[in-house]
Amino acid sequence: MSTARDDVNPEYRFDLTRIFASPAEWEDAAAALREALDALESSADRSLDTAADLRALLERVEDCYRRKQRLDLYATLYGNVNTESEEADDLQRQFRTLESAFEPAVGSALRRLRETDADRLDAFVAELDDDYRRYAEHLRERAERVRSPDAEEAIAAHGEARSAPTRVIREVTTEDFDPASVERPDGTEVALRYGNYREEVTHPNRDYRRRVYETYREEFDRFENVLARAYAEKLAAASTEVEVRGYDSIRDRDFRETYPESGLEPNLPGAVHDAMLSAVRDNLGPYHRAQSVRRERLGVAELRPWDLNVSIADAPDPEVPYDEAKADVLGALEPLGEEYVSRARSFFEERRIDAFPTRNKRTDIPAYCPSSAEDGAFVLANYREDARTASYVCHELGHALNAAYYSEGPTRYATCPTAICEIPSILHEILLAEYWLEEGGALAAHAKNRLLEFLGGNLYGSAMGSAFDHRLATAVEDGESLSAERIREVYADLLGEFRPDVVYEDRAGRNWLGRGLRPPYSSFQYVLGATGALVVRDRLREGSLTPAEYRDFLRNTGQRDLLDQFDALGVDVTSADPYERAAEAFAGYLEEF
């Protein structure tokens with residue numbers, strides 16, 4: 001990447017001084033968190049004699065999470081735009097050290113809750129204001145999985161070891177990954193890497209796409225045994241944590257996640273995941289037809305894996321300057337109300353988006369949106385002036401607006417469970433694509449393509465990924481040893497089910513390589529997100545859900561039980577109905593072709 005960061009207009013770079021003025025100020029805040037953790041542990045040493053004592057303990061826990069979120073956000077983003085900086089590396093090392101002290105300190109507070117007489121604690125919780133009662137109940141439930149101080153110290157000390165498989169996968173896919181360069185049809189040489197593969201494999205020249213795919217995948221093949229071993233160890237470590245903490249399963253552990261962490265631990269029943277996978281698999285017809293349509297529109301005898309990402313729009317991909325994309329995004333969000341659009345506009349004006357790829361910036365992802373309760377959200381993007389990356393920015397803005405609304409409340413509830421966090425972002429993408437369709441012109445054809453691309457990926461591709469992770473996780477929990485051959489067999493079987501029209505030949509089972517950076521059960525949220533977003537889109541159109549009601553949903557993502565939140569949107573995630581409706585919506589978009 002040749003563009004220096006300072007050569008980009010500040011308007012298009014995020015302003016991290018909104019969080020801390022400098023790394024030195026970050027270090028001061030880190031020292032303050034250490035003091036707060038010491039105070040929390042001291043407070044937890046004392047018995048809870050009144051409801052006021054309980055509230056004071058809860059406030060200390062909440063304050064520690066608030067401080068940690070801010071430190072994590074700054075260290076992460078500072079490192080993302082300074083990937084070669086020793087100072088950035090040092091901040092991240094300091095933060096990891098802080099994390100190793102954080103869990104034992106919070107664990108001491110949770111242990112105090114567990115060791116308090118149950119009837120007395122019931123009485124104290126009942127005396128709390130509604131604003132703290134739910135928080136107390138969540139922390140009390142978590143307290144049942146806290147172990148002895150020595151055990152908690154040992155668990156924290158082995159945090160680095162538990163995260164080692166993920167670091168191995170990251171190193172392989174970034175630092176060690178070194179495929180050969182390929183020559184584009186125009187004669188330029190391209191050094192393939194994890195961050196630019198998706199862009200290159202969408203090239204209209206099929207022979208070039210084939211060479212990109214084969215060159216890239218052959219490099220992954222070189223690491224198959226390493227990646228298989230790392231993924232197996234990641235699942236084994238998760239299984240061990242399940243046993244130590246007393247979760248029902250890896251799925252039970254992962255279905256409780258929120259972002260950012262605030263101490264809450266909502267629980268999504270495993271039955272939702274079972275219903276989701278079953279219903280999507282029973283409605284694969286539109287996804288199979290989409291593969292046939294793709295083959296026909298590309299005019300190929302066989303659909304190959306290097307044909308899956310290229311646009312099937314009947315017009316050249318138009319250039320979309322960033323300011324034009326911004327205007328389109330704001331126009332697309334109008335169905336969510338003037339107040340919502342105003343917040344979105346402010347997000348751009350406050351320099352919360354780092355828009356363009358630059359030298360020493362993280363470019364292995366197209367975009368993402370970290371946040372903290374106090375500082376709000378920031379978007380790190382790698383915008384390339386096309387419809388796809390405009391859609392990515394719009395997607396992340398959905399997360400950002402969710403954060404803007406839930407951050408109106410206190411830190412303890414300023415969060416979003418992963419089970420619902422993709423609804424706002426995928427709704428944004430749907431609204432933008434439909435806005436382009438209504439506007440007509442060159443972008444309309446690519447809007448059709450984007451609808452099939454991101455809905456097919458989120459609904460069907462993520463269901464396949466979730467089925468893959470679930471099968472391997474349950475195998476590990478049953479005591480099965482995962483070899484490279486076994487993982488390959490599972491993935492090939494799923495490709496045969498979900499993508500029967502795609503000819504992989506001997507590559508099918510190895511196409512999973514590169515997965516594993518995220519928690520095992522991370523794909524399910526995208527299926528629920530697409531399903532929920534389509535229901536919201538329909539209800540907004542018909543008037544059965546008002547923009548104000550939707551904004552209220554965003555404000556309360558951390559304050560209501562998960563199933564109640566889905567119910568508020570009109571989504572019964574325990575039944576087949578919403579997934580069937582999502583499949584029908586996908587089929588309707590397919591008819592556009």
Side-chain angles (χ1 to χ4, degrees), residues 165-166 168-170 172-173 177 179 194 197-198 201 210 212-239 249-251 254 273-274 276-278 280-282 284 287-288 290-291 294 302-309 456-527:
T166 302
V168 168
I169 296 170
R170 181 174 290 110
V172 167
T173 55
F177 194 70
Y194 190 74
Y197 168 72
R198 179 62 180 265
V201 83
R210 176 188 59 78
V212 167
Y213 172 85
E214 290 177 346
T215 302
Y216 182 79
R217 285 291 164 187
E218 283 169 5
E219 176 67 1
F220 263 127
D221 291 349
R222 192 163 68 88
F223 294 100
E224 181 180 13
N225 288 322
V226 172
L227 290 170
R229 174 75 176 272
Y231 195 51
E233 289 180 353
K234 180 169 185 167
L235 291 172
S239 182
S249 63
I250 299 173
R251 181 171 72 175
D254 287 3
H273 190 242
D274 294 335
M276 178 194 87
L277 288 183
S278 177
V280 172
R281 292 170 115 162
D282 287 344
L284 286 174
Y287 194 49
H288 294 168
Q291 293 160 38
R294 172 169 289 273
E302 293 180 332
L303 196 64
R304 304 303 298 271
W306 49 85
D307 297 323
L308 297 179
N309 299 112
N458 284 301
L459 181 62
Y460 292 108
S462 292
M464 185 180 80
S466 197
F468 173 73
D469 293 333
H470 185 52
R471 192 176 297 182
L472 296 183
T474 52
V476 167
E477 290 168 334
D478 290 340
E480 183 178 337
S481 178
L482 292 182
S483 64
E485 292 75 15
R486 175 67 177 126
I487 298 175
R488 193 187 305 167
E489 174 188 306
V490 169
Y491 202 73
D493 181 50
L494 287 167
L495 282 176
E497 178 184 0
F498 280 80
R499 297 178 187 165
D501 272 16
V502 184
V503 180
Y504 287 92
E505 295 180 340
D506 65 343
R507 275 234 50 91
R510 296 193 297 277
N511 255 47
W512 76 273
L513 296 171
R515 292 179 62 91
L517 285 171
R518 304 183 68 181
Y521 284 90
S522 58
S523 296
F524 83 98
Q525 65 205 56
Y526 297 96
V527 186

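For the atom pair Thr173 OG1 and Leu513 CG, the distance stands at 11.0 Å (nearest 0.5 Å). With rounding to the nearest 0.5 Å, the separation of CZ in Arg294 from CG in Asp307 is 8.0 Å. Atom CE of Met276 and atom NE2 of His470 lie 9.5 Å apart (nearest 0.5 Å).
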* Evaluate the side chain to side chain contact (heavy atoms under 4.5 Å, CB included) criterion for residues Arg304 and Arg210: first the C-alpha distance (whole Å), next the side-chain angles of each, then the deciding distance (0.1 Å), finally the verdict. => CA-CA 9 Å; Arg304 304 303 298 271; Arg210 176 188 59 78; over 6 Å; no

* List the steps and the verdict of side chain to side chain contact (heavy atoms under 4.5 Å, CB included) for Asp274 and Arg251. => CA-CA 11 Å; Asp274 294 335; Arg251 181 171 72 175; 2.9 Å; yes

* Show your reasoning for whether salt bridge (charged side-chain N to carboxylate O under 4.0 Å, His left out) applies to Asp254 and Arg518. => CA-CA 11 Å; Asp254 287 3; Arg518 304 183 68 181; over 6 Å; no

* Would you please test Tyr491 and Leu495 for side chain to side chain contact (heavy atoms under 4.5 Å, CB included) and show each step? => CA-CA 6 Å; Tyr491 202 73; Leu495 282 176; 3.7 Å; yes

* To do: Take Arg229 and Phe223, measure what side chain to side chain contact (heavy atoms under 4.5 Å, CB included) needs, and give me the verdict at the end.
  => CA-CA 10 Å; Arg229 174 75 176 272; Phe223 294 100; over 6 Å; no

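Taking every heavy atom of both residues into account, Ser466 and Ser523 meet most closely at N-CB, 3.7 Å. Taking all atoms of both residues into account, the shortest heavy-atom contact from Glu497 to Pro500 is O-CD, 3.8 Å. Shown here for Val280 and Ala463, the closest heavy-atom pair between the two residues is CG1-CB, 3.6 Å. Annotation for Lys234 and Pro519: closest pair NZ-N, 4.2 Å, computed over non-hydrogen atoms. Counting all heavy atoms, side chain and backbone alike, Asn225 lies closest to Ala484 at OD1-CB, 3.5 Å. Across Ala475 and Leu482, no two heavy atoms sit closer than the pair CB-CD2, 4.2 Å.
Shown here is Arg486, whose CZ atom has more than 12 heavy atoms of other residues, nucleotides or ligands within 6.0 Å.
At distances below 3.5 Å, not a single donor-acceptor pair connects side-chain atoms of Ser462 with backbone N or O atoms of Leu459. In this structure, Thr215 contributes its side chain and Val212 its backbone to no donor-acceptor pair below 3.5 Å. Looking at Gln291, its side chain does come within 3.5 Å of a backbone N or O of Phe498 through a donor-acceptor pair.
Residues Tyr194 and Phe177 keep their aromatic ring centres 6.0 Å or farther apart.
Under the salt bridge (charged side-chain N to carboxylate O under 4.0 Å, His left out) rule, Glu224 has a single partner from Arg507, Arg217, Arg488, which is Arg488.
With hydrogens and angles left out, the side-chain atoms of Tyr213 and Asn511 include a donor and acceptor closer than 3.5 Å. Under the 3.5 Å distance criterion, with hydrogens and angles disregarded, no donor-acceptor pair is assigned to the side chains of Tyr287 and Asp501.
Proximity of Arg515 to Asp469: side-chain heavy atoms (C-beta onward) are separated by under 4.5 Å at one or more points. Contact check for Val168 versus Glu233: no side-chain heavy atoms found under the 4.5 Å cut-off.
Between Phe468 and Trp512, the angle of the ring planes lies from 30° to 60°, which puts this pair in the tilted group.
The pair Arg222-Glu218 does not meet the salt-bridge criterion, since no charged nitrogen lies less than 4.0 angstrom from a carboxylate oxygen. Under the 4.0 Å criterion applied to side-chain N and carboxylate O atoms, Asp221 and Arg510 are assigned as salt-bridge partners.
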